[in-house]
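Proteins come first, then strands; the chains are lettered A, B, ... in the order of their sequence lines, and each starts at number 1.
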Amino acid sequence: MRLAHSLVPTLKETPAEAQIASHRLMLRSGMIRQTSAGIYAWLPSGWRVLQKITRIVREEQDASGSQEILMPTIQSADLWRASGRYDAYGPEMLRIRDRHDREMLYGPTNEEMITDIFRQSVKSYRELPQMLYHIQWKFRDEVRPRFGVMRGREFLMKDGYSFDLSYEDAVVSYRRMMLAYMRSFQRMGLHAIPMQAESGPIGGNLSHEFIILAPTGESAVYYDAAFEEQDWLKSAFDYANPQDLESFFTQITTPYAATDEKHDAADPRWAGLAAERRREGRGIEVGHIFYFGKKYSEPMGLSIAGPDGKPLTPFMGSYGIGVSRLVGAIIEASHDDAGIIWPDSVAPWAAAILNLKQGDAACDAMCEAAYKALGAEALYDDRPERAGVKFADADLSGHPWQIVVGPRGAAAGRVELKRRASGERVELSLEDALAHIREGGLARAG
RNA sequence: CGGGGCGUAGCUCAGUCUGGUAGAGCACAGCGUUUGGGACGCUGGGGCCGGAGGUUCAAAUCCUCUCGCCCCGACCA
């Protein structure tokens, strides 16, 4: 994208309302603009990040065997009366009426709807198990939206739902999602740790929050250093193999990990842990999965024929990832005083091309060549601005690579390549710079 | 939902207490000088002071109502 005629309104000063780093940086780098309390418009760079995160989530969901669908944002109140949640949900649910005075609502989640859709079409035990997900905007009328997209009223969520014939099968589905989540977060450059959450309505231990580590996180977390050594992208667990999933689950739930609410210093896994293996940090919740059995399938009459011809009620679970929240969470986990430091996989553009002297024939030609070579993964700063402005904006926006083209270097056929994360700068030919980017950021960004 | 605060130019804010006809810096436009880490000078454009009512000769300023937004706390992807 050429910056001169693009809507990337960077700000030198911080808008008064932004308190936390990610909110400040998202506003300053021109990713978002607020339109109402807790509701944001996504501008080109922000939207690109959101799409990259979405794509990673989608790829990992698909790989795990979950099917993508898309359910509407507007739902009928009747559906929620069937599960008994219409009255229970409270003022967080945005309730609206259509022209015929029918009661509708903007979906805060989709358990009822997916159960309804499923029961309409699935009639036999032979069709189970199944896992479905969609990535759709949700609305929860939070009492107090804050922290920008980290806690908005309107937010993008991946919510998935599993349908199984038995508790044992549901456990397999649960573990499968857990693995998909760990892989997804790791691909985004995040250290995520599943922590046991409040038991669901059915009890048991099948409810986990996924906390990513960030120094500015909302809650304190305690965990075993073992989590820092795990690499789920290199692991060879097979989604189709329940034994694999069990050993994965054991591996990830055995080391100690707890939020401050559930932290138990007397737990032998913590008390017995060597001091240098104990980690205390802060975290942000970016996902939550739980098993809830027949909580919805039963009251909503989801019933299928079992092997003996008798009706059978499936066991369900649901699995959420806060996709738009992740944008903020990643920034919280990865920024410095100058601005954002995007992990390669979610950066809006792999590289920024900084033309330090717009109008200089050599600079222009070299920048155009770089832009042509990188294509859609490049942001070409072709604004008639001074060098300092371009440097500052590039650092603020956090592009993993910066190709700096100045008159002195351009005349000699050289550019400067800067790595945002390390600050490292090298002077080399354009061809070599492009090769570096392709090997590193671009290859991974796809 | 309890507590606190703020709405004045695109942004950050002063002016409000003590009414007298709207300001600064940045941003934007033009010109000139500059030109590898947010340049400088000159000139210029831009605000019915969130909205409605009231008090007054006169309201950004005082009073009433209203809308919006933010912060702290209890709750959530």
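- Along RNA chain B, the nucleotide nearest to Gly38(A) and the one nearest to Arg383(A) differ in position, and the one closer to the 5' end is contacted by Arg383(A).
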I'd like to compare against my own output: the B/S/- annotation of nucleotides 71-77 of chain B with a strict under-4.0 Å heavy-atom distance to protein. BBBBBBB
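- Of all nucleotides present, none satisfies the Watson-Crick or G-U wobble test against C49(B) with each distance under 3.5 Å.
- The distance between atom CG of Asp141(A) and atom C1' of C1(B), rounded to the nearest whole Å, is 13 Å.
- G25(B) is paired with C11(B) under the criterion used here, namely a Watson-Crick or G-U wobble arrangement in which both key atom distances are under 3.5 Å.
- U35(B) and G41(B) are spaced 16 Å apart, taking the C1' atom of each and rounding to whole Å.
- Atom CD of Glu13(A) is separated from atom P of A27(B) by 9 Å (rounded to the nearest Å).
- Remark: Arg2(A) fails to qualify as a cation-pi partner of Tyr380(A) under the 6.0 Å distance and 45° angle criteria applied to the six-membered ring.
- Spacing between G45(B) and U61(B) at atom C1', rounded to whole Å, works out to 27 Å.
- Taking atom CZ of residue Arg420(A) and atom P of nucleotide G37(B), one finds them 17 Å apart after rounding to whole Å.
- Remark: C1' of G37(B) and NZ of Lys418(A) are 9 Å apart, rounded to the nearest angstrom.
- For the P atom pair drawn from A29(B) and C75(B), the interatomic distance equals 50 Å after rounding to whole Å.
- Across all strands, Thr14(A) comes closer than 4.0 Å only to sugar-phosphate atoms, never to a base (heavy-atom distances).
- Base pairing analysis places U16(B) opposite nothing; no Watson-Crick or G-U wobble pair with both distances below 3.5 Å involves it.
- Partner assigned to U33(B) is A39(B), using Watson-Crick or G-U wobble distances below 3.5 angstrom.
- Computed from coordinates, the Asp381(A) CG to G37(B) C1' distance equals 13 Å when rounded to whole Å.
- Put simply, CZ on Arg28(A) is 10 Å from C1' on G38(B), counting in whole angstrom units.
- Residues satisfying the side-chain contact (heavy atoms from CB on, under 4.5 Å) test with Val122(A), not counting sequence neighbours, are Phe118(A), Glu127(A), Leu128(A), Gln130(A), Ile304(A).
- In terms of position along RNA chain B, the nucleotide closest to Pro15(A) lies nearer the 5' end than the nucleotide closest to the other residue of the pair Asp395(A) and Pro15(A).
- Nearest heavy atom pair, residue Met188(A) against residue Val346(A), reads CG-CG1, 4.1 Å.
- Going from the P atom of G23(B) to that of G4(B) covers 36 Å, rounded to whole Å.
- Checking the phosphate oxygens (OP1, OP2) of A39(B), a side-chain nitrogen or oxygen of Arg386(A) falls inside 4.0 Å.
- Between the CD1 atom of Ile39(A) and the P atom of C70(B) there is a distance of 10 Å, rounded to whole Å.
- Ala392(A) comes within 4.0 angstrom of a nucleotide base, judged by non-hydrogen atoms across all strands.
- For A58(B), there is no paired base (Watson-Crick or G-U wobble, both distances below 3.5 Å).
- Across G38(B), C13(B), G36(B), the shortest atom-to-atom separation from the side chain of Ala16(A) is found for C13(B).
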Run the numbers on Tyr296(A) and Glu111(A) for side chain to side chain donor-acceptor pair (under 3.5 Å), then give the verdict. CA-CA 7 Å; Tyr296(A) 300 99; Glu111(A) 279 85 1; 4.8 Å; no
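- Among the candidates Ile284(A), Asp260(A), Leu213(A), the single residue satisfying the side-chain contact (heavy atoms from CB on, under 4.5 Å) test with Val221(A) is Leu213(A).
- Looking at Gln136(A) and Asn110(A), their side chains never come closer than 4.5 Å, going by heavy atoms from C-beta outward.
- Rounded to an integer number of Å, the gap from CG of Leu396(A) to C1' of G37(B) is 14 Å.
- Annotation: U21(B) and A59(B) have their C1' atoms spaced 10 Å apart (nearest Å).
- Here Arg176(A) does not pair with Glu60(A) in a salt bridge; the nearest charged N to carboxylate O distance is not below 4.0 Å.
- Annotation: C70(B) and A24(B) have their C1' atoms spaced 24 Å apart (nearest Å).
- Judged by atom type and distance alone, Glu416(A) reaches the base of G36(B) through a side-chain donor-acceptor pair under 3.5 Å.
- In a base pair of the Watson-Crick type (N1 to N3 plus N6-O4 or O6-N4) or a G-U wobble (N1-O2 and O6-N3), with each distance short of 3.5 Å, A74(B) is matched with no nucleotide.
- Base pairing of G68(B) is made with C6(B), judged by Watson-Crick or G-U wobble geometry with both donor-acceptor distances under 3.5 Å.
- Side chains of Asp159(A) and Tyr161(A): a donor on one and an acceptor on the other come within 3.5 Å.
- Nucleic acid contact class of Arg33(A) (heavy atoms, under 4.0 Å, all strands): none.
- Annotation: C71(B) and U66(B) have their C1' atoms spaced 22 Å apart (nearest Å).
- Each of Asp395(A), Val415(A), Ile353(A), Leu379(A) was evaluated against Gln402(A); a single residue qualifies, Asp395(A), per the side-chain contact (heavy atoms from CB on, under 4.5 Å) test.
- Taking 4.5 Å as the limit, every side-chain heavy atom of Pro108(A) sits out of range of all side-chain heavy atoms of Phe139(A).
- For C40(B) and U34(B), the P atoms lie 16 Å apart once the distance is rounded to whole Å.
- Asp393(A) comes within contact range of at least one nucleobase, with a heavy-atom separation under 4.0 Å.
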